[in-house]
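Before any comments, here is the structure.
The analysis underlying the following values was restricted to heavy atoms, covering all of them including side chains, and did not include hydrogens, waters or symmetry mates. What you are looking at is a predicted structure, and each value in this text was computed from that prediction instead of being measured. In this chain, numbering begins with 1 at the start of the sequence shown.
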Amino acid sequence: MTKMNTDPSGSLFPDHDSLTEADHRLTERLGAARRLMPSRDVVPDGPSGKWLRELRSMGFDQPKELAGLVEWVIEGLETGTVQVTHPGYLGLFNPAPTFAAECADRIASVFNPQICVHSHAPAAVEIELHVIREVARRAGMPDGSGGHFTSGGSEANFTGMLCALQAGSPAYGDDGLCAFARPPCIFVSEESHLAWLKIAHAAGVGRNAVRLIQTDGRGRMDPEALTETIETDVRSGNVPVMIAATAGTTNAGMVDPLTRCGEIARKHGMWFHVDAAWGGALIARDTGALKGIEEADSITIDAHKWFATTMGAGMFLTSRPDLVAQVFRIDASYMPRSDTAKDFYVNSNQWSRRFVGLRMFLALGTAGWMGYADHVERAIRLADRLAFLLQREGWSLVNDSPMAVACLVPPEGHEAVRNYVDAVRSDGRFWVSTAIFEGKPVLRACITNGRTNEGDIDALVEVLASVRVDHDTSARFDRARRVLESGNSQARRRSS
């Protein structure tokens with residue numbers, strides 16, 4: 001596969017000329033991969049058996065040439081990964097990253113700053129703090145709001161839960177759950193991202209502390225059901241500590257009634273968190289779709305979703321940065337004297353951490369809020385175009401999301417969804433998914449790529465229009481779905 005490197009010690013830190021030459025070769029190779037991406041299948045056939053055999057037989061006793069290894073890895077990624085940067089990928093929230101974000105990764109790699117402490121990397125820390133303040137301001141949060149970058153939405157939501165527990169009992173930081181006389185509980189929609197169950201386990205409150213609130217029939221948390229569940233917990237002696245509303249559900253892009261959720265949280269003295277990991281990019285547009293988010297005690301927004309930076313770069317925003325400092329306070333003799341406002345190791349979960357905020361800084365700096373508004377609006381227009389064209393073919397649009405996602409049902413009904421999804425993936429040019437919305441399967445198409453265009457949408461419609469449904473297969477899938485839904489219902493009852 002590759003020649004042996006006869007100078008193994010120099011391969012780790014090559015001289016400047018060798019490094020520059022290798023860097024140029026890598027840039028050209030990645031440029032070729034990017035250029036060829038639209039002509040590839042979204043789901044390649046590989047990696048090849050030959051590639052896998054080479055991997056399994058590869059030992060590290062002897063060094064190899066970097067150039068050959070780089071080419072081998074890129075070939076594996078070209079043939080053995082769902083191509084989420086492909087314009088035909090209408091799947092989850094993995095975007096084609098902005099070029100500015102790609103540049104940020106290369107800059108951060110060269111300087112490799114350790115930004116857990118301000119005194120060690122003041123320029124990098126100040127850049128991240130500035131971005132956080134500007135995003136919080138754009139979301140309408142009050143002056144003095146702060147926060148930090150995270151590894152992703154789960155870490156940001158985890159931070160929100162820890163803040164809620166700290167706010168619920170100031171002794172929580174030292175005494176843990178012993179600080180509560182009765183079990184604490186949190187409230188999320190049953191359509192929320194169920195990482196909340198993992199977060200509850202990690203925080204020590206347990207999965208049974210998560211109350212999955214029913215929706216209003218349109219994918220949004222039902223305020224009446226929320227109020228009733230909270231009051232039941234209060235009567236039972238439990239301690240409600242947090243409402244976590246969702247602004248952009250994973251399956252259908254629905255927004256919980258944020259204003260009402262905030263009012264209920266304040267009435268009961270609870271922490272109000274908004275998980276806007278995906279939908280938070282709507283702050284770039286002034287449409288009122290996220291009205292009420294400005295009242296949140298904390299917000300999660302992922303830069304690596306609709307803001308299209310590279311993975312992973314979440315943001316935790318809060319109007320109570322003082323409380324975050326209480327959650328993560330630490331004193332270590334090997335660290336410099338701490339400034340809690342600027343030293344991330346005392347106000348975030350991570351210690352050693354990468355300079356991920358540069359991705360958002362460069363992207364937002366080059367596009368501005370206006371550029372991101374155009375990016376968001378364009379994606380929404382394409383999702384609307386897909387829905388409009390399919391509705392002319394007899395399909396039904398079942399979600400009314402303000403975001404770039406369409407949940408669609410074919411003319412034959414919900415039981416035929418899987419046939420259509422399989423046909424799309426077999427075609428190779430597109431990737432869509434099956435999702436469950438209000439208990440029934442739908443075809444889910446989400447615009448994630450800033451290079452997807454109207455021609456791509458029209459071609460997808462043609463593929464879907466050519467599908468002929470095997471009704472026997474559809475019936476078998478429908479029976480399997482009902483069994484699955486029955487199991488999910490039982491799981492939801494156990495966690496309520």
Look at the side chain of T309 and the backbone N and O of A303, then say whether any donor-acceptor pair between them is shorter than 3.5 Å. yes
Can you see whether R25 engages T20 through a side-chain donor-acceptor pair at a distance of less than 3.5 angstrom? no
Over all heavy atoms of both residues, which pair between A281 and V376 is shortest? Give the atoms and the distance, please. O-CG2, 3.8 Å
Would V255 and V274 count as a side chain to side chain contact (heavy atoms under 4.5 Å, CB included) here? Give the steps. CA-CA 10 Å; V255 180; V274 176; over 6 Å; no
Do the ring planes of W369 and Y372 sit parallel (below 30°), tilted (30 to 60°) or perpendicular (above 60°)? tilted
To the nearest 0.5 Å, what is the distance between OG (S298) and NE2 (H273)? 5.0 Å
Ring-plane angle category for W72 and W51, please: parallel below 30°, perpendicular beyond 60°, tilted otherwise. parallel
Does the distance from a Lys or Arg side-chain N to an Asp or Glu carboxylate O, for D105 and R359, drop under 4.0 Å? yes
For a quick test of reading the model, state the closest non-hydrogen atom pair linking G314 to D302 and the distance between them. CA-OD1, 3.3 Å
Calculate, to the nearest 0.5 Å, the distance between atoms CG and CZ belonging to L362 and F99 respectively. 10.5 Å
Do H118 and E126 touch side chain to side chain, with heavy atoms closer than 4.5 Å? yes
Hey, what do you get for CE (M315) to CZ (F149), rounding to the nearest 0.5 Å? 5.5 Å
Side chain to side chain contact (heavy atoms under 4.5 Å, CB included) between Y89 and T452, intermediate numbers included: CA-CA 8 Å; Y89 179 78; T452 302; over 6 Å; no
Closest non-hydrogen atom pair between A459 and R429, with its separation: CB-NH1, 4.2 Å
Nearest heavy-atom neighbours spanning N347 and V324: O-CG1, 3.1 Å
Under 3.5 Å, is there a donor-acceptor pair between the side chain of N449 and the main chain of T85? yes
Using only atom types and a distance under 3.5 Å, with no angle test, would you say the side chain of N251 pairs donor to acceptor with the backbone of I436? yes
What I want to find out is whether E54 reaches K50 closely enough, with some N-O distance under 4.0 Å, to be called a salt bridge. yes
Taking side chain as C-beta onward, heavy atoms only, is V117 less than 4.5 Å from F344? no
Salt bridge (charged side-chain N to carboxylate O under 4.0 Å, His left out) assessment of E128 paired with K342: CA-CA 10 Å; E128 287 209 351; K342 295 184 176 181; over 6 Å; no
Do T300 and N157 have side-chain N/O donor and acceptor atoms under 3.5 Å apart? yes
What are the two closest non-hydrogen atoms of A121 and P113, and how far apart are they? CB-CB, 4.0 Å
Using only atom types and a distance under 3.5 Å, with no angle test, would you say the side chain of T79 pairs donor to acceptor with the backbone of E75? yes
Cut-off 3.5 Å, side chains only: do H148 and S348 have a donor facing an acceptor? no
Can you confirm if the NZ or CZ of R329 lies within 45° of the ring axis of Y345 and under 6.0 Å from the centre of its six-membered ring? no
W278 and V405: CA distance, side-chain angles, deciding distance, side chain to side chain contact (heavy atoms under 4.5 Å, CB included) verdict: CA-CA 11 Å; W278 171 43; V405 61; 3.4 Å; yes
As a quick check of understanding, evaluate salt bridge (charged side-chain N to carboxylate O under 4.0 Å, His left out) for R451 and D456, giving each step before the final call. CA-CA 10 Å; R451 295 186 177 91; D456 297 314; over 6 Å; no
State whether the side chain of R425 and the backbone N or O of V432 hold a donor-acceptor pair below 3.5 Å, judged by distance alone. yes
So for atom CZ, which belongs to F158, do other residues, nucleotides or ligands contribute more than 12 heavy atoms lying within a distance under 6.0 Å? yes
Once you round to the nearest 0.5 Å, how far does CZ of F355 lie from CZ of F361? 8.0 Å
Do side-chain atoms of T246 reach the backbone of T249 as a donor and acceptor pair under 3.5 angstrom? no
Would you say NE2 of H193 has more than 12 non-hydrogen atoms from neighbouring residues, nucleotides or ligands within 6.0 angstrom? no
Only one of L382, D384, L390 forms a side chain to side chain contact (heavy atoms under 4.5 Å, CB included) with I457, so which one is it? L382
Interatomic spacing from CG in L212 to OG in S189 - rounded to 0.5 Å: 8.0 Å
So, does D41 use its side chain to make a donor-acceptor pair with the main chain of V43 at under 3.5 Å? no
Donor-acceptor pair, distance only, cut-off 3.5 Å: does the side chain of H304 make one with the backbone of T310? no
Using a cut-off of 6.0 Å, state whether more than 12 heavy atoms not belonging to D15 lie near its atom CG. yes
R106/T27 under side chain to side chain donor-acceptor pair (under 3.5 Å): CA gap, chis, key distance, verdict: CA-CA 11 Å; R106 299 187 77 164; T27 298; 3.2 Å; yes
Taking all atoms of both residues into account, what is the closest heavy-atom pair of S433 and W431, and its distance? CB-CZ3, 3.7 Å
Between the side chains of T150 and R353, does any donor sit under 3.5 Å from an acceptor? no
Would Y420 and W395 count as a close aromatic pair, with their ring centres under 6.0 Å? yes
Going by distance alone, is a donor N or O of one side chain under 3.5 Å from an acceptor N or O of the other, for Q83 and E78? no
pair T448-L90: side-chain heavy atoms closer than 4.5 Å: no
Start with the C-alpha distance between I301 and I299, add both sets of side-chain angles, then the distance that settles side chain to side chain contact (heavy atoms under 4.5 Å, CB included), and finish with yes or no. CA-CA 7 Å; I301 299 177; I299 302 171; 3.8 Å; yes
Under a 3.5 Å distance rule, please check whether T434 uses its side chain to pair with a backbone N or O of R418 as donor and acceptor. no
Would a distance-only check, ignoring hydrogens and angles, find a side-chain to backbone donor-acceptor pair under 3.5 Å from Q114 to C116? yes
